[in-house]
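The structure under discussion appears below in the form of structure tokens.
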Amino acid sequence: MTLFEAACSVREKAYAPYSNFKVGAALRAASGRIHTGCNVENVAYPEGTCAEAGAIAAMCAAGDREITELVVVADSPTPVPPCGGCRQKIAEFAGPDVEVTMMALDGSAQTLRVADLLPGAFGAAHMETG
Ligand code: THU
């Protein structure tokens, strides 16, 4: 199964009654395993979670810690980009050269490296004291 197929499949399980915007994310971990997630909204809107966050949680729960490739898909006129918060979450587990592919259901795609999605990312080195 491709990451696009996995992302499309999990997208159908999204819980998005408020935005009606279903998103699926599928990532490959360094182990080779695929982990997936969908957005899960909440009537208290800020409590909703993104598809990417779900895929990352599934990856950690399965014991993996390193993303080697990630695909995000939604029914969007153009490939759907991860939100700012998800860019930081992805950067926690993916190196700067890891490719994130944003896709629409028709298969149109745009691929960006993590370093280009989140230039100047806050990282552990910033917490080193003088
Ligand atoms: N959403 C995601 O799941 N991932 C993204 O990259 C963009 C936005 C979700 C959050 C919310 O449930 C819905 O899309 C509309 O913002």
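When a ligand or atom number is given, it counts from 1 through the structure's own listing order.
In the vicinity of Ser19, heavy-atom distances shorter than 4.0 Å reach the ligand 1 atoms 13 (C), 15 (C). Near Cys83, with a cut-off below 4.0 Å to any heavy atom, the atoms of ligand 1 are 6 (O). Close contacts between ligand 1 and Cys50 involve ligand atoms 1 (N), 2 (C), 3 (O), 4 (N), 10 (C) [criterion: under 4.0 Å to a heavy atom]. Near Ala51, with a cut-off below 4.0 Å to any heavy atom, the atoms of ligand 1 are 2 (C), 3 (O).
For atom 16 (O) of ligand 1, no protein heavy-atom neighbour is present inside the 4.0 Å cut-off.
Going from atom CD1 of Ile56 over to atom CD1 of Ile67 covers 4.5 Å, rounded to the nearest 0.5 Å. Here the CG atom belonging to Asp64 is positioned 11.5 Å from the CD1 atom belonging to Ile34, to the nearest 0.5 angstrom.
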(request) Take Gln110 and Thr101 through the side-chain hydrogen bond (donor to acceptor under 3.5 Å, both in side chains) test and state the conclusion after the steps. (result) CA-CA 6 Å; Gln110 183 191 1; Thr101 300; over 6 Å; no
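Given atom 6 (O) of ligand 1, the protein heavy atom at minimum distance is Glu52 OE2, 2.6 Å. Looking at atom 11 (C) of ligand 1, its nearest protein heavy atom turns out to be Glu41 OE2, 3.3 Å.
For ligand 1, the polar-atom distance check finds an N/O of Asn39 within less than 3.5 Å of one of the ligand's N/O atoms. Inclusion of Val23 in the set of residues having an N or O under 3.5 Å from an N or O of ligand 1 is not warranted.
Residue-ligand proximity: Cys86 is placed with every non-hydrogen atom at 4.0 Å or more from ligand 1.
Scanning all heavy atoms of the two residues, the minimum distance from Phe21 to Asn39 falls at O-ND2, 2.8 Å. Contact detail for Arg11 and Lys22: the closest heavy-atom pair is NE-O, 3.0 Å.
The aromatic rings of Phe122 and His126 sit parallel, their planes meeting at an angle under 30°, below the 60° perpendicular limit.
Judged by distance alone, the side chain of Thr2 and the main-chain N or O of Glu5 form a donor-acceptor pair under 3.5 Å.
Looking at residues two or more places apart in sequence or on another chain, you find no side-chain contact (heavy atoms from CB on, under 4.5 Å) involving Ala57.
The heavy atom nearest to atom 7 (C) of ligand 1, out of those in Gly84, Gly37, Gly24, Pro81, is found in Pro81.
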